[in-house]
Amino acid sequence: PGVIATYDRHGRIHEAGSAQILEDAYTAWQTHVNSGATALLIAADTATVTALNHRAHTDRVTDGHVDDTRTVRLGDGLDAGPGDVVVARRNDRRQLLPGGGHLRNGTRATISATHDDGSVDVTIDGSAAQSRAVLTLSAVYVRNDLELGYATTVHRAQGATVDHAHLLVTPAMTREA
C-alpha cells in the first residue's frame, strides 16, 4: 500500500471519469510509443483490452506504422498487419529462439510479414529472444494463439517488461488485480 503514496507524490496517479481516464491513458501510451519507448496499456477486462487494441491498430495504420493491405485475423478476433505488436498466448516448444528457449505464452513481437496462407513472420526483441529472432508462426497458431499486444489484462501483464505501463484502475477491480 505504501507505494501508492510514492506514485502519487511523483504525479503518477490521475483520476477522472471512466471515458476521460481511458482517453488519458491511451494518449499517454501513444506519446510513449511515438517517442520510441515500449509501453503497455493494462485493463481489468478483456472487452476494454480488445477496444484499446483495436484503437491502437487503427491509429497505427493511419499514422503509417502498420500495413493494413496484408492483414491476418488473430485469436482475439482483430486483424493485424506488418508493423503491429502482437503477443503469443501459448507456449510452442517447436518455435526455438536463438541462444536456447522457445516461444512462450506472453512473448511480445512485431509482425514483419504476413503470408497468403495466414501465417506470419514475427520479430522478437528483448531478453526473451536473447537477440533479435525472426520466427514464422503457422496460420493455425495465428488464428488461435496470437493477439494484438498494445493492451492486455492485469493478469496477462505479469512478467511483461516495458518502459512504461498505463494501468486503468476501476472500482470493479479486485484487490488482487
Report yes if some heavy atom in the side chain of V33 is under 4.5 Å from a heavy atom in the side chain of R60; otherwise report no. yes
Pairs meeting criterion salt bridge (Lys or Arg N to Asp or Glu O under 4.0 Å) with involvement of residues 158-171, two or more places apart: none
Quick check: closest heavy atoms across A109 and I124, and the distance to 0.1 Å? CB-CG1, 3.7 Å
Interatomic spacing from CG in D59 to OH in Y26 - rounded to 0.5 Å: 3.5 Å
Which heavy atom in L148 sits nearest to a heavy atom in A80, and how many Å separate them? CD2-CB, 3.8 Å
Could you see if L78 belongs to whatever hydrophobic cluster contains L22? Use Ile, Leu, Val, Met, Phe, Trp, Tyr and a side-chain cutoff under 4.5 Å. yes
To the nearest 0.5 Å, what is the distance between CD (Q95) and CZ (R104)? 13.5 Å
Under the side chain to side chain donor-acceptor pair (under 3.5 Å) rule, what do N105 and R89 come out as? Steps first, then yes or no, please. CA-CA 5 Å; N105 181 15; R89 298 302 312 139; 2.9 Å; yes
CG of D92 to CG of D145: how many Å apart, nearest 0.5 Å? 8.5 Å
Under the side-chain contact (heavy atoms from CB on, under 4.5 Å) rule, collect the residues that match up with T174, sequence neighbours excluded. E176, A177
Contact summary for M173 and V169, nearest pair of heavy atoms: SD-CA, 3.3 Å
Under 3.5 Å, is there a donor-acceptor pair linking the side chains of D68 and T71? no
Starting from the C-alpha separation in whole Å, work towards a yes-or-no answer on side-chain contact (heavy atoms from CB on, under 4.5 Å) for L97 and T107. CA-CA 11 Å; L97 300 175; T107 299; 5.8 Å; no
Hey, are the side chains of L40 and R108 touching, using non-hydrogen atoms and a 4.5 Å cut-off? yes
If you compare all heavy atoms of Y150 against all heavy atoms of H57, which two are closest, and at what distance to 0.1 Å? CE1-N, 4.1 Å
Sort and list the pairs that fulfil salt bridge (Lys or Arg N to Asp or Glu O under 4.0 Å) and have at least one residue in residues 1-10, not counting sequence neighbours. none
On a heavy-atom basis, the closest approach of T48 and L168 is CG2-CD1, 4.3 Å
Around atom NE2 of H54, are there more than 12 heavy atoms of other residues, nucleotides or ligands at under 6.0 Å? no
Do L74 and V120 belong to the same hydrophobic cluster, where Ile, Leu, Val, Met, Phe, Trp and Tyr are linked whenever their side-chain heavy atoms lie under 4.5 Å apart, directly or via other members? yes
Are more than 12 heavy atoms from other residues, nucleotides or ligands located less than 6.0 Å from atom CG of D117? yes
Say you draw a straight line from NE2 of H166 to OG1 of T31; how long is it, rounded to the nearest 0.5 Å? 8.0 Å
Between the CG atom in D121 and the OG1 atom in T110, the distance rounded to the nearest 0.5 Å is 12.5 Å
Applying side-chain contact (heavy atoms from CB on, under 4.5 Å), run through V87 and T152 and close with a yes or a no. CA-CA 9 Å; V87 63; T152 192; 5.8 Å; no
Got a donor-acceptor contact below 3.5 angstrom from the T123 side chain to the S112 backbone? no
Mind running side-chain contact (heavy atoms from CB on, under 4.5 Å) on L103 and Y141 for me, showing each step along the way? CA-CA 11 Å; L103 183 65; Y141 190 94; 3.7 Å; yes
Side-chain heavy-atom pair V142, R73 within 4.5 angstrom cut-off: no
Would a single hydrophobic cluster contain both V162 and L167, if residues Ile, Leu, Val, Met, Phe, Trp and Tyr are joined by side-chain heavy-atom contacts under 4.5 Å? yes
May I ask whether V86 and V61 are part of the same hydrophobic cluster, defined by side-chain heavy atoms of I, L, V, M, F, W, Y residues being less than 4.5 angstrom apart, directly or through others? yes
Which value, rounded to the nearest 0.5 Å, describes the distance between L41 atom CG and Q30 atom CD? 10.0 Å
Check the pair R156 / I42 against side-chain contact (heavy atoms from CB on, under 4.5 Å), numbers first and verdict last. CA-CA 9 Å; R156 288 182 184 167; I42 304 171; over 6 Å; no
Shortest non-hydrogen contact from G81 to V66? O-CG1, 4.0 Å
Are D24 and Q20 linked by a side-chain donor-acceptor pair shorter than 3.5 Å? yes
